[in-house]
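For the numbers below, each heavy atom of this structure counts, side chains included, while hydrogens, waters and symmetry mates do not.
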Amino acid sequence: GSSPGRKALSRRLLLPLAILLLLAARTVAQTSVTLAPASITVIELLQPGRTYRLPQVSFVNNGAADLNLELACDSTTPGVVLHFRPQRFIFRPGDSQQVSITLQLAPTLPSGDYKTHIQAQSKAASDIALQLAAPVRFTVDKGDGFKGARFLPWLALLFLISPRSY
């Protein structure tokens, strides 16, 4: 079996451990943020070298503590930048914050499918570590000239060989 000294040590450790777990659970419960929409998918084809206004997102503080959030673009693709207004904000429990977003594309961005993230993280030292990320998906099409241009030679050929009446 186990010795009486071991049981007493286990009991002495159990109470502080239980208190730490309760405090941790309370802290986690105090920090809760909802982001809506949870993702943005742009349906239209975007052009490089332009700036686009994306749908607004809404942050809601569902927790029990004030939060100081800062937004950033988490993109590994050079030439893709998200701008936020406001970029930083403090909001109280129950408050919501609307954020406007613009997507800026570099003129040299190649055609293709892209994904970046709206990243929100707490910035104050007193805040609990909080980090959210919502994906933004879009397609870039350089629009290399008139889409029907490759059919023009065929149309000219058809015109030349079609019967004519004079």
Note to self: Return the OG1 to CG distance between Thr34 and Leu132, rounded to the nearest 0.5 Å.
What the structure shows: 8.5 Å
Notebook entry, point to check: Looking only at heavy atoms, what is the nearest atom pair of Pro93 and Ala65, with distance?
Noted result: CG-N, 3.6 Å
Notebook entry, point to check: With hydrophobic residues grouped by side-chain heavy-atom distances under 4.5 Å, do Val140 and Val81 end up in a single group?
Noted result: no
Notebook entry, point to check: Do Leu82 and Leu54 have side-chain heavy atoms sitting under 4.5 Å apart?
Noted result: yes
Notebook entry, point to check: Does the pair Val99 and Ile118 meet the rule for a side chain to side chain contact (heavy atoms under 4.5 Å, CB included), with working shown?
Noted result: CA-CA 11 Å; Val99 176; Ile118 300 167; over 6 Å; no
Notebook entry, point to check: About how many Å separate CD of Gln56 and CD of Gln97, when rounded to the nearest 0.5 Å?
Noted result: 9.5 Å
Next item on the list: Could you please spell out the steps behind the side chain to side chain contact (heavy atoms under 4.5 Å, CB included) verdict for Leu69 and Asn61?
Entry: CA-CA 10 Å; Leu69 290 184; Asn61 184 350; over 6 Å; no
Margin query: Going by the rule side-chain hydrogen bond (donor to acceptor under 3.5 Å, both in side chains), which residues pair with Ser58 if we only count those two or more places apart in sequence or in a different chain?
Written below: Gln98
Next item on the list: Verify, without hydrogens or angle tests, whether Gln47 (side chain) and Asp141 (backbone) share a donor-acceptor contact under 3.5 angstrom.
Entry: yes
Check: If you round to the nearest 0.5 Å, how far is CG of Asp74 from NZ of Lys115?
Finding: 10.5 Å
Next item on the list: Check for a donor-acceptor pair, side chain of Ser39 on one end and backbone N or O of Pro135 on the other, with a separation under 3.5 Å.
Entry: no
Item checked: ILVMFWY cluster, Ile40 and Tyr52 together (side-chain gap under 4.5 Å) -> yes
Check: Looking at CG of Asn62 and OG of Ser96, how far apart are the two atoms once the value is rounded to the nearest 0.5 Å?
Finding: 10.0 Å
Notebook entry, point to check: Atom CG of Leu71 and atom CD of Gln121: how far apart are they, to the nearest 0.5 Å?
Noted result: 9.5 Å
Note to self: Quick check: do Arg53 and Ser100 have side-chain heavy atoms less than 4.5 Å from each other?
What the structure shows: no
Check: Roughly how far apart are Ile90 CD1 and Asn68 CG, rounded to 0.5 Å?
Finding: 4.5 Å
Check: Does some side-chain heavy atom of Glu44 sit less than 4.5 Å from a side-chain heavy atom of Leu46?
Finding: yes
Check: Is any side-chain heavy atom of Thr51 closer than 4.5 Å to a side-chain heavy atom of Gln104?
Finding: yes
Check: Yes or no on side chain to side chain contact (heavy atoms under 4.5 Å, CB included) for Leu103 and Val80, after CA distance, side-chain angles and deciding distance?
Finding: CA-CA 7 Å; Leu103 171 65; Val80 175; 3.9 Å; yes
Next item on the list: Would you list the pairs meeting ring pair (Phe, Tyr, Trp, His ring centres under 6.0 Å) in which at least one residue belongs to residues 53-101, sequence neighbours left out?
Entry: Phe59-Phe89, Phe89-Phe91
Margin query: Within the structure provided, determine whether Thr77 and Leu109 are in side-chain contact (heavy-atom separation under 4.5 Å).
Written below: yes
Margin query: Whether the side chain of Glu70 engages the backbone of Arg88 through a donor-acceptor N/O pair (distance < 3.5 Å, no angle test) should be reported.
Written below: no
